[in-house]
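Presented below is the structure to which this report refers.
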Protein chains: 2
Amino acid sequence: MAGPEGSRYYDIFLNYSVWLEARRESIVISAEGLKLLDEIRQEGSIVTAARKMGISYRKAWGLLKEVENLIGFPLVEKHRGGAAGGKTTLTTEGSELVSAYDELNSDIDVAMKGIAKKFFRKINRMSGHEK
Amino acid sequence: MAGPEGSRYYDIFLNYSVWLEARRESIVISAEGLKLLDEIRQEGSIVTAARKMGISYRKAWGLLKEVENLIGFPLVEKHRGGAAGGKTTLTTEGSELVSAYDELNSDIDVAMKGIAKKFFRKINRMSGHEK
DNA sequence: TATCGTTATGTATATTAATTCCTATCGGGA
DNA sequence: TCCCGATAGGAATTAATATACATAACGATA
């Protein structure tokens, strides 16, 4: 994220993360979890999604379990067996959540463009750093 | 962050974090590091700042060292000795960076208000969740 | 019904991060 | 000159995470 010209300082740029939280500091779905759901939606498989994210299957599986415990409704539908060995798909709700999250991110991206530009304008003008 | 009415689903809300990054995945200053600088600015002491953040002095000190290694200019000025034992203040640049970060956060907060509202409007309308 | 690849889990190992513990240095003020 | 409390930083311990490994259940299909 973060564009060129004025929205960075040398090679430094702003990055961000958004997640779902409950109460104080109790994460319901981390950005990583949401990313995982997104990959599962695309791949239809936990194994492949984990591979694509560079995490172990065990971790992905644990993440899903945690998510299922915390969110109030089912997000994935897991199937074992079959020719392909099995598959995992998102429920309608899961799919809608991920879509909403995707759009959320693109909305933030847009907003961040301007905000980051303002931020780096300041940074670039910081005392003695006109170089 | 995230207001009431329409910008949350039951007790679930959106939270976010912004940090400075270089290249891909190489964090220059984490949100935690920026928070630490902020506290140091207010407290004038690493010890107190760490205490307020609920982290060990050792960790805070390590964070600062890391920051100093990665950012291209000094952000803090540390003094040992003296009646009070010592103190740590932000340099002009450090102070400006923290101010810029503070304003960045409040800008994002404002932007997030609307974006989160849109997000939760969708979530609340998700199939079968009108309950 | 034998196969194959995925989901499902426990356990053990490895890796990484953070806390705890020490010991030293510093320097203004009593 | 000595003291106090903060900075400085190495080293060991503990905690938290992740990976590796191993084994089982599954079930559509050839």
Review point. Just how far, in rounded Å, is P of C:dT6 from NZ of A:Lys52?
Key: 15 Å

**Study point:** Residue B:Lys59, side-chain atoms from C-beta onward, closest of D:dT7, C:dT19, C:dT6
**Key:** C:dT19

Check your understanding: Which is true for A:Gly85 with a 4.0 Å heavy-atom rule: it touches a base, it touches only sugar-phosphate, or it touches nothing?
Key -> base

Review point. OP1 or OP2 of C:dT7 sitting under 4.0 Å from any side-chain N/O of A:Ser45?
Key: yes

Exercise for review: Classify the side chain of A:Arg58 and the base of C:dG10 as holding, or not holding, a donor-acceptor pair under 3.5 Å.
Suggested key: yes

Point to revise | Any B:Thr88 side-chain nitrogen or oxygen under 4.0 Å from OP1 or OP2 of D:dA6 | key: no

Check your understanding: Nearest-Å distance, NZ (A:Lys87) to C1' (D:dT29)?
Key -> 14 Å

Review point. Looking across every strand, which nucleic acid part, if any, lies under 4.0 Å from B:Gly81 by heavy atom: base, sugar-phosphate, or nothing?
Key: base

**Study point:** Phosphate contact (D:dA8 OP1 or OP2) by B:Lys65 side-chain N/O below 4.0 Å
**Key:** no

Practice item. Consider only side-chain heavy atoms of I, L, V, M, F, W and Y, link residues closer than 4.5 Å, and tell whether A:Leu70 and A:Ile27 are in one cluster. Key: no

Practice item. Give the cluster check for B:Phe73 versus B:Leu34: same hydrophobic cluster or not, with ILVMFWY residues linked at side-chain heavy-atom distances below 4.5 Å. Key: yes

**Study point:** Pairwise 5' ranking along DNA chain D for A:Gly82 and A:Gly54, keeping only the more 5' one
**Key:** A:Gly54

**Study point:** Out of D:dA20, D:dA8, D:dA11, whichever nucleotide has its closest atom nearest the side chain of B:Ile46
**Key:** D:dA8

Practice item. Describe the nucleic acid contact of B:Ala84 in one word from base, sugar-phosphate, nothing, applying a heavy-atom distance below 4.0 Å. Key: sugar-phosphate

Point to revise | Nucleotide C:dT9, atom P - distance to CG of A:Asn69 in whole Å | key: 11 Å

Point to revise | Presence of salt bridge, A:Asp38 and A:Arg41, under 4.0 angstrom | key: yes

Review point. Under 4.5 Å between side-chain heavy atoms, hopping through other hydrophobics if needed: is there a path connecting A:Ile108 to B:Trp19?
Key: no

Check your understanding: Is there a side-chain polar atom (N or O) of B:Lys78 under 4.0 Å from OP1 or OP2 of D:dA6?
Key -> no

**Study point:** Contact nearer the 5' end of DNA chain C, comparing B:Arg80 with A:Ala83
**Key:** A:Ala83

Point to revise | Gap between atoms OH and C1', on B:Tyr57 and C:dC21 respectively (whole Å) | key: 14 Å

Point to revise | Gap between atoms CG and C1', on A:Leu63 and D:dT17 respectively (whole Å) | key: 11 Å

Point to revise | Between C1' of C:dT7 and CH2 of A:Trp61, the distance in whole Å | key: 10 Å

Review point. Salt-bridged, A:Glu103 to B:Lys118, with N to O below 4.0 Å?
Key: yes

Check your understanding: Atom CD1 of B:Ile40 to atom P of D:dA6: distance rounded to whole Å?
Key -> 14 Å

Revision key, fill the gap. To the nearest angstrom, the CD-P distance between A:Glu77 and C:dT7 comes to 14 Å

